[in-house]
Visitor: 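Before I ask anything, here is the structure I am working with.
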Amino acid sequence: MKKIAFFNPQGNFDKNDSHLTEHPDFGGQLVYVKELAKAIASKGIQVDIITRQIIDESWPEFSEPFDYYPDSPNLRIVRIPFGGKKFLNKEKLWKYLPEYVEGIYSLYKKEGSFPDFVTTHYGDGGISGVLFLEKTDIPFSFTGHSLGAWKLEKMLNEGFSQEELERKFKFSVRILAENLAIKYSSFVVCSTSHERYVQYSHKLYNADPNSDKFKVIPPGINSKIFNLKPHKEDEIIENYLNNVLSSAPKERQKLPFIILSSRIDRKKNHIAVVRAFLKNKDLKEIANLIIVVRAIDDVIKFVNEKDSEESEILREIINEGKKEIGNSIFFLNISDQKSLASLYRVAAKRNSVFTLPSHYEPFGLAIIEAAACGLVVSATKYGGPIEILSDNKELLFDPENVDDIANKLYIALTKYNNSQFIELSRKYTWESTANKYLENIDKVLKNKLEINKMQLQDDIKKFLSKIL
């Protein structure tokens, strides 16, 4: 095996990790792809991450056709021009994916060398793998990251109309793309057993998660960043933290923290932790609440000037917190992973707690990153955390129940120490993830799946009729 391509049309990648985790299309999926690609490339395999070229003054980092990570010489970022020049949210990319695949094919034909295998990510990457398979016979794996059927079901239960959701999120296209990716991939990668046996059992998927096609391969963490080793940035972050805390009463300035550091997004459910913290007097007496924001120095100014989902959520938090903002609830602008790891290490010295209250969390890599830096963790009981925290299930909570959240956070702060969580990080490494991918890829290359080309072409026609 000489070369592997990663298909990831949405978001983008660059050497400086610009916008990473700041935008819904630049979330954990991009971290996953980047770190896995680096781990595979470190084994001497040529790797391409293939994404979209954007020539847009608001996104200047992504205009060049090629880019590189200085510490990964076997890995290149390839940006294919498709769908015009301006940035487009992932929901608007579907109809341009045939153009994306044609661009990839033309690139490799011009270079005279095609990849041996393709890994595809999310539904848009998955259907791109299907289209590429039809053109080249090159096999692919599918890693869904998050599945459309579950998001659709949840939003319907919340009262949204089918028509409204279809117009905004193109769920019928996404679920068809996911089904075709499942059908024609050589194997499907799941981060947890729950994802395999529960998520892929949804009635909208034509899948048999009991089949050998489904592989449970947990992701890893970047242990060079998330670890216990003191770093020069720790002192900078500690000084910044102390400066932010200086507005609080002196008796509160030395308390441990409850840390929320997920992207400011509805599904991450920050407001539930804020309400739990404010409602529970015992909890508020023993800890401060820190909410990490990215690239926002002045949160009050931001919510007054911006009109976005992020500003709306922060506005709700400020309205709920009222007098506690600057007293027991604080915002920190932490915009990169190294600074985040420093915050975790500084907070761990106070026996602080990291919490992940998502309505549903596909895996929960952030839990492992926090634990690797010495934090106790408490998280949603829905999704991956139930497997990550299988030895500490009393720290799992119902994200819809503020009393349950408060009780579990109190237990985490008063009954646990970080030594019980540091071991978590040793189970999850990108090298291990890469090895498991490569084991399965080797098996595929030795014994390729037989594909019914006529059926494949018919299925592609159905997809094209949906998007064109």
Visitor: Going by the side-chain hydrogen bond (donor to acceptor under 3.5 Å, both in side chains) test, name the single residue among K229, K349, K338, R345 that passes it with D234.
Guide: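 So the option named by the test is R345.
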Visitor: So, the side chain of S390 versus the backbone of I386: is there a donor-acceptor pair under 3.5 Å, distance only?
Guide: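 It does not hold such a pair.
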Visitor: Would K151 and F169 count as a cation-pi pair here, with the cationic atom under 6.0 angstrom from the ring centre and within 45° of the axis?
Guide: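 Here K151 passes the 6.0 Å and 45° test against F169.
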Visitor: How many angstroms lie between OG in S328 and CD1 in I290, if you round to the nearest 0.5 Å?
Guide: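 Taking OG in S328 and CD1 in I290, the distance rounds to 11.5 Å.
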Visitor: Side chains of N16 and E61: closer than 4.5 Å at any heavy-atom pair?
Guide: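 SC-SC contact between N16 and E61 ruled out.
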Visitor: Would you check if there is a donor-acceptor pair between the side chains of S335 and N333 at a distance under 3.5 Å?
Guide: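 A donor-acceptor contact under 3.5 Å links the two side chains.
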Visitor: Does any non-hydrogen side-chain atom of F363 lie less than 4.5 Å from one of Y428?
Guide: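 They are in side-chain contact.
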Visitor: Atom OG of S261 and atom CD of E369: how far apart are they, to the nearest 0.5 Å?
Guide: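 Separation between the atoms: 8.0 Å.
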Visitor: Determine, using ring centers only, whether W430 and Y32 are less than 6.0 Å apart.
Guide: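 That pair passes the under 6.0 Å test.
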Visitor: How close do G126 and F142 get, heavy atom to heavy atom, and via which atoms?
Guide: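 Heavy-atom minimum between the residues: CA-CD1, 3.8 Å.
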Visitor: Do K38 and Y69 form a cation-pi contact, if we require the NZ or CZ to be under 6.0 Å from the six-membered ring centre and within 45 degrees of the ring's axis?
Guide: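 Because its charged atom sits under 6.0 Å from the ring centre and within 45° of the axis, K38 does stack over Y69.
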Visitor: Is T380 reaching over with its side chain to a backbone N or O of S358, donor-acceptor style, under 3.5 angstrom?
Guide: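 Here the side-chain-to-backbone pair exists.
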Visitor: To check you understand the geometry: which heavy-atom pair defines the closest contact between P385 and L396, and what is its length?
Guide: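 Shortest heavy-atom contact: O-CD2, 3.8 Å.
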Visitor: Do the side-chain N and O atoms of H121 and Q10 include a donor-acceptor pair separated by under 3.5 angstrom?
Guide: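 Side-chain D/A pair, H121 to Q10: absent.
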Visitor: Quick one: do the H202 and E153 side chains pair a donor with an acceptor below 3.5 Å?
Guide: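 Their side chains do contain a donor-acceptor pair, which is all the 3.5 Å distance test asks for.
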Visitor: Mind checking whether I329 and L278 have side chains closer than 4.5 Å, heavy atoms only?
Guide: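 Result yes, sub-4.5 Å side-chain heavy-atom pair found.
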Visitor: Any side-chain donor-acceptor pair under 3.5 Å between Y96 and R52?
Guide: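 No.
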Visitor: Against F62, only a single residue in D67, T51, D14, D56 fulfils side chain to side chain contact (heavy atoms under 4.5 Å, CB included); can you say which?
Guide: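 Checked D67, T51, D14, D56 against F62; only one passes side chain to side chain contact (heavy atoms under 4.5 Å, CB included): D14.
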Visitor: Show your reasoning for whether salt bridge (Lys or Arg N to Asp or Glu O under 4.0 Å) applies to K427 and E423.
Guide: CA-CA 7 Å; K427 298 179 184 177; E423 286 297 316; over 6 Å; no
Visitor: What's the shortest heavy-atom distance between E195 and H145, and which atoms?
Guide: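 Shortest heavy-atom contact: OE2-N, 4.5 Å.
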Visitor: Is the backbone of F397 close enough, under 3.5 Å, to the side chain of D404 for a donor and an acceptor to pair up by distance?
Guide: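 No, because the side chain of D404 does not come within donor-acceptor range (under 3.5 Å) of the backbone of F397.
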Visitor: Would you mind checking if E164 and K168 are paired as a salt bridge, meaning a charged N to carboxylate O distance below 4.0 Å?
Guide: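 Between E164 and K168 there is no salt bridge, as every charged N stays at least 4.0 Å from the carboxylate O atoms.
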Visitor: With a 6.0 Å cut-off (strictly less than), is the heavy-atom count around NZ of K92, excluding the residue itself, greater than 12?
Guide: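 Counting neighbours around NZ of K92, 12 or fewer heavy atoms of other residues, nucleotides or ligands fall under 6.0 Å, so no.
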Visitor: Are there more than 12 heavy atoms of other residues, nucleotides or ligands under 6.0 Å from atom CD of E235?
Guide: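 Count not over threshold, so no.
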Visitor: I'd like to know if D17 pairs up with K34 as an ion pair, taking the criterion as any Lys NZ or Arg NE/NH1/NH2 lying under 4.0 Å from an Asp or Glu carboxylate oxygen.
Guide: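 Counted as a salt bridge, because a side-chain N and a carboxylate O are separated by less than 4.0 Å.
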Visitor: Whether the Q337 and N222 side chains hold a donor-acceptor pair (N or O, under 3.5 Å, no angle test) is what I'd like checked.
Guide: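 Distance-only check fails for Q337 and N222.
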Visitor: Before accepting this row, confirm whether a basic side-chain N of the pair K267/E361 lies closer than 4.0 Å to the acidic partner's carboxylate O.
Guide: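 Salt bridge: no.
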Visitor: Using 0.5 Å steps for rounding, measure from the CZ atom of F7 to the OG atom of S141.
Guide: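 The distance works out to 10.5 Å.
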Visitor: Is there a side-chain contact between L424 and L389, using heavy atoms and a 4.5 Å cut-off?
Guide: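 Yes, side chains in contact.
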Visitor: Would you compute the distance between atom CZ of F171 and atom CZ of R167 and round it to the nearest 0.5 angstrom?
Guide: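 F171 atom CZ to R167 atom CZ measures 13.0 Å (nearest 0.5 Å).
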Visitor: Can you tell me if E431 has over 12 outside heavy atoms packed within less than 6.0 Å of its CD?
Guide: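 At most 12 heavy atoms, drawn from other residues, nucleotides or ligands, come within 6.0 Å of this atom.
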Visitor: Looking at E309 and R315, is there a salt bridge between them, counting it only when a charged N and a carboxylate O are closer than 4.0 Å?
Guide: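 No, R315 and E309 are not salt-bridged.
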Visitor: Which value, rounded to the nearest 0.5 Å, describes the distance between I104 atom CD1 and D48 atom CG?
Guide: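 Taking CD1 in I104 and CG in D48, the distance rounds to 9.5 Å.
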Visitor: Just wondering, do S191 and P362 contact through their side chains at under 4.5 Å, heavy atoms?
Guide: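 When only atoms from C-beta onward are counted, S191 and P362 do not touch, as no gap falls below 4.5 Å.
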Visitor: Is the centre of the F132 ring less than 6.0 Å from the centre of the F140 ring?
Guide: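 Centroid distance F132-F140: not below 6.0 Å, so no.
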Visitor: Between Y416 and E394, do the side chains contain an N or O donor and an N or O acceptor separated by less than 3.5 Å?
Guide: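 Y416 vs E394: donor-acceptor pair found between side chains.
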Visitor: Are I291 and V299 side-chain neighbours, meaning at least one heavy-atom pair lies under 4.5 Å?
Guide: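 Side-chain contact under 4.5 Å: no.
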Visitor: Would you say CG of N157 has more than 12 non-hydrogen atoms from neighbouring residues, nucleotides or ligands within 6.0 angstrom?
Guide: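 For N157, atom CG is crowded (more than 12 foreign heavy atoms under 6.0 Å).
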Visitor: Evaluate the criterion side chain to side chain contact (heavy atoms under 4.5 Å, CB included) for residue pair I50 and N8; output intermediate values, then yes/no.
Guide: CA-CA 6 Å; I50 308 182; N8 199 106; over 6 Å; no
Visitor: Pairing donors with acceptors under 3.5 angstrom, does anything connect the side chains of Y437 and T143?
Guide: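 Their side chains do contain a donor-acceptor pair, which is all the 3.5 Å distance test asks for.
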Visitor: Once rounded to the nearest 0.5 Å, what's the spacing between atom CG of L75 and atom CD1 of I49?
Guide: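 Answer for the CG-CD1 pair, L75 versus I49, is 4.5 Å.
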Visitor: Does a side-chain N-to-carboxylate-O contact under 4.0 Å join E312 and K306?
Guide: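 Answer for the salt bridge query: no.
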Visitor: Work out which heavy atom in N288 is nearest to a heavy atom in N327; give both atom names and the distance.
Guide: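 What the structure gives for the nearest pair is OD1-O, 4.0 Å.
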Visitor: So, do K381 and D398 sit near enough that their side-chain heavy atoms are less than 4.5 Å apart?
Guide: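 Counting from C-beta outward, K381 and D398 do come under 4.5 Å.
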Visitor: Taking the side chain as everything from C-beta on, heavy atoms only, tell me whether L314 gets closer than 4.5 Å to F302.
Guide: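 Result yes, sub-4.5 Å side-chain heavy-atom pair found.
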Visitor: Mind telling me whether W59 and F87 have parallel, tilted or perpendicular rings, with 30° and 60° as the class edges?
Guide: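 Ring orientation of F87 relative to W59: parallel.
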Visitor: Return the minimal non-hydrogen interatomic distance between S425 and I221, and the atom names on each side.
Guide: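 Shortest heavy-atom contact: CB-CD1, 3.8 Å.
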Visitor: With distance as the sole criterion, is a donor-acceptor pair present between the side chains of E316 and N319 under 3.5 Å?
Guide: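 No, no side-chain donor-acceptor pair sits under 3.5 Å.
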Visitor: Quick one, I318 with V303, criterion side chain to side chain contact (heavy atoms under 4.5 Å, CB included). Give me CA distance, side-chain angles, the key distance, then yes/no.
Guide: CA-CA 9 Å; I318 290 168; V303 302; 4.0 Å; yes
Visitor: Quick check: closest heavy atoms across G123 and E178, and the distance to 0.1 Å?
Guide: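 Smallest heavy-atom distance, with atoms named: CA-CG, 4.1 Å.
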Visitor: What verdict does the side chain to side chain contact (heavy atoms under 4.5 Å, CB included) test give for N89 and D25, after you've listed the backbone C-alpha separation in whole Å, the side-chain angles of each residue and the deciding distance to 0.1 Å?
Guide: CA-CA 7 Å; N89 291 331; D25 292 0; 4.0 Å; yes
Visitor: Please check if the side chain of S352 supplies one atom and the backbone of F257 the other of a donor-acceptor pair under 3.5 Å.
Guide: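 Yes.
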Visitor: Under 3.5 Å, is there a donor-acceptor pair between the N12 and R79 side chains?
Guide: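 Side-chain D/A pair, N12 to R79: present.
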Visitor: Under a plain distance cut-off of 3.5 Å, with no hydrogens placed, do D336 and S339 share a side-chain donor-acceptor pair?
Guide: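 Looking only at side-chain atoms, D336 and S339 do form a donor-acceptor pair, the distance falling under 3.5 Å.
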